[in-house]
Amino acid sequence: MSTTSTALVQETKTQQVYTFLRDRLFGGIYMAGERLPSTRDLAHEIGVSRALIVEVYEQLIAEGYLEGRRGSGTYVVDLGGRNPLAADIYEQGSSVGLRDLTTSDTRFTGIDFRPSFPALDLIPRQKWKEASLAVLNSTSLYDWGYADPAGNEELRGQICRLLLHNKGIQCHPSQVIVTAGATQAIMLLCKLLLGPNDAIASEDPTASFIRDIFASSGATIIPTPIDEQGLCVDQLPTLISPKCVFVTPSHQFPFGSILSIGRRIQLLEYARANHSYIIEDDYDSEFRYAGMPVRALRELDAKRVVYVGTFSKNMFPALRLGYMVVPHELVAPLIQLKRLTDMHSPALSQAALAKFIADRHLEHHINHMKRIYRKRRNRLLTALGETFGAEVNITGDAAGLHLVAEFPGRRFDTDLAAQLESQNIRIYPAGTYTISKGKYEDRLIMGFGNLTEEQIGKGITAIANLLK
Ligand SMILES: Cc1ncc(COP(=O)(O)O)c(C=O)c1O
């Protein structure tokens, strides 16, 4: 029986069989005009009584899904391909297609080269459990009520300490706002700073969910190309002043370049001249494999740069905790917006995270994972090199949890991705991340964070077999 029906434990058996059949009707497993199995056969197939199947068939006939033909059986009514259950999903925002929804499905159990995704099986669960328990055991009654919209004070202090140590950022906890991941930080910034008459310049390519956040503000998106030195600052608009410029300077997403110091200076000059805010998304740069972590753009300007960080990569995505460090003038309006959005991020998880960081577990976990991710990255590099030799160029592998594999002369499209998906391998063509379409179609963005070395080897072999 389908997972939809088995998952609904409170449903009666009749309801479960009803849902099961309706899923099959809408899923196209039973086609219009097709004769359904006899009540006896279906009862036997799914292990329920025949009376129950008769009852469900009668219900579906009454509702117009099926029709009974005397002496001949029960048939599927032709609904002209319409599926009222799916309509809600398909119509949510024109830019969110079915593929986008499925690529965000983290329950895919095959070999998933999802970029920028951490190893779920190596999350420090025991230490996290201990930190959470310690917090639960030490709460006062007050801790179970509403909390500060800006975030847990201890956590904001720990974030400042980490940022100073790792990124050279000097900030005060009062400038830190804890959010539901980087996603919410970017959403709140766009909501506050952008309206339909404004513009935002963004690196192109960028993460598709970030592009969708920009689009949701109604502002004009100005795609700005990137190269091996990061954002091509000299291609930012000159006739209009964008309210914001979005960048990932420590590790461009998805191409991995680092914004050079020359470009950083140029970008800050541009932002000052145009009164633009720079949104600096630093999503994964702790995992750097060559040299030291790259310093933040925010280090160079506290007035024009909003720094956005996340615990989705160095801890785990389900935690839904991230933060932003904001210029003084934006503190009050952003806290107010955060309060109006969701009051505050979960207070007990924030307290547990503060303890986890204070006890140095985050630091140890990052160091431990850096060694593991380095091995996975090396395995991917070797497998690509051995399998494709000179047919592949690899870039963007110095940091983070993914790299870029370019196959000159090849074209990766959704058909190819679908063929691999049918073999339980999921790939991510670079073309899906572009704002201006038709570029970088010969490249794959290949995540290795949540794959074992064995899975990486198998995945590359499967891709090679398909490309032969
Ligand atoms: C470019 C980029 N920024 C930020 C994030 C993190 O988002 P969040 O913190 O909401 O999980 C991701 C996640 O994949 C990303 O790709």
Side-chain angles (χ1 to χ4, degrees), residues 100-106 108 112-120 123 151 155 159 162 176-191 200 202-214 216 221 223-224 226 230-231 244-259 278-287 294 296-298 306-325 338 341-342 345-346 349-350 353 362 373 396 399-404 426 428-430 432-435 445-450:
D100 288 321
L101 292 173
T102 54
T103 52
S104 64
D105 163 21
T106 55
F108 178 68
D112 191 351
F113 284 98
R114 184 174 179 162
S116 200
F117 200 72
L120 298 184
I123 289 161
L155 178 60
I159 290 170
L162 285 178
V176 177
I177 302 173
V178 178
T179 56
T183 305
Q184 191 185 45
I186 299 167
M187 185 75 194
L188 293 177
L189 287 164
C190 288
K191 199 156 185 177
I200 175 162
S202 169
E203 293 173 338
D204 183 16
T206 191
S208 27
F209 75 93
I210 292 178
R211 185 190 58 208
D212 290 342
I213 292 176
F214 300 154
S216 76
I221 305 170
T224 311
I226 56 127
L231 183 79
C244 304
V245 181
F246 176 82
V247 277
T248 47
S250 299
H251 187 232
Q252 202 280 329
F253 187 88
F255 279 179
S257 44
I258 295 173
L259 192 66
I278 299 169
I279 302 176
E280 172 178 25
D281 177 12
D282 192 9
Y283 59 100
D284 71 354
S285 65
E286 294 104 328
F287 300 113
V294 175
L297 191 60
R298 164 61 173 71
V306 185
Y307 179 90
V308 175
T310 179
F311 293 102
S312 288
K313 320 292 167 189
N314 56 19
M315 286 293 284
F316 51 95
L319 184 58
R320 302 316 303 137
L321 287 177
Y323 55 91
M324 51 185 158
V325 181
K338 169 73 181 163
T341 305
D342 58 2
S345 290
S349 303
Q350 290 186 63
L353 183 58
L362 182 64
Y373 290 142
L401 308 179
H402 66 271
L403 52 77
V404 186
R426 193 172 268 182
Y428 296 81
T432 51
Y433 300 97
T434 53
I435 302 176
I445 309 300
M446 308 200 77
F448 49 80
N450 196 30

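Both counts, for ligands and for their atoms, begin at 1 and track the order of listing. When a residue number appears, it is its place in the shown sequence, counting from 1.
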Query raised in the report: Roughly how far apart are Phe117 CZ and Phe316 CZ, rounded to 0.5 Å?
Result: 12.0 Å

Query raised in the report: So, Tyr323 side chain and Phe311 main chain: donor-acceptor pair closer than 3.5 Å or not?
Result: no

Query - Protein heavy atom at shortest distance from atom 9 (O) of ligand 1 - result: Thr310 OG1, 2.5 Å

Query raised in the report: What do you reckon, does Gln184 have a nitrogen or oxygen under 3.5 Å from a nitrogen or oxygen of ligand 1?
Result: no

Query raised in the report: At a 4.0 Å threshold, what atoms of ligand 1 neighbour a non-hydrogen atom of Gly181?
Result: 9 (O), 10 (O)

Query raised in the report: Thr183 heavy atoms, cut-off 4.0 Å: which ligand 1 atoms fall inside?
Result: 7 (O), 8 (P), 10 (O)

Report summary line: The option among Asp282, Ile186, Asp281 carrying the non-hydrogen atom nearest to atom 2 (C) of ligand 1 is Asp281

Query raised in the report: Does Phe311 come within less than 4.0 Å of ligand 1, judged by its heavy atoms?
Result: no

Query raised in the report: Going by distance only, is there an N or O of Ala182 that falls short of 3.5 Å from an N or O of ligand 1?
Result: yes

Query raised in the report: Quick one: CD on Gln252 to OG on Ser257, what's the gap to the nearest 0.5 Å?
Result: 5.0 Å

Query raised in the report: Do Tyr433 and Phe253 have ring centres separated by under 6.0 Å?
Result: yes

Query raised in the report: Is there a donor-acceptor pair closer than 3.5 Å between any side-chain N or O of Glu280 and the backbone N or O of Arg298?
Result: yes

Query raised in the report: For the side chain of Asp281 and the backbone of Thr248, is there at least one donor-acceptor N/O pair under 3.5 Å apart?
Result: no

Report task. Report yes or no: do Gln350 and Ser345 form a side-chain donor-acceptor pair below 3.5 Å? Result -> no

Query raised in the report: Can you tell me the protein heavy atom closest to atom 11 (O) of ligand 1 and the distance?
Result: Ser312 OG, 2.6 Å

Query raised in the report: Does ligand 1 have any atom that is closer than 4.0 Å to a heavy atom of Lys313?
Result: yes

Report task. List the closest protein heavy-atom neighbour of atom 5 (C) of ligand 1: residue, atom name, distance to the nearest 0.1 Å. Result -> Phe209 CZ, 3.8 Å

Query raised in the report: Under 3.5 Å, side chain of Tyr373 to main-chain N/O of Ala399, donor-acceptor pair present?
Result: no

Query - Ligand-residue contact atoms, ligand 1 with Arg320, heavy atoms, under 4.0 Å - result: 8 (P), 10 (O), 11 (O)

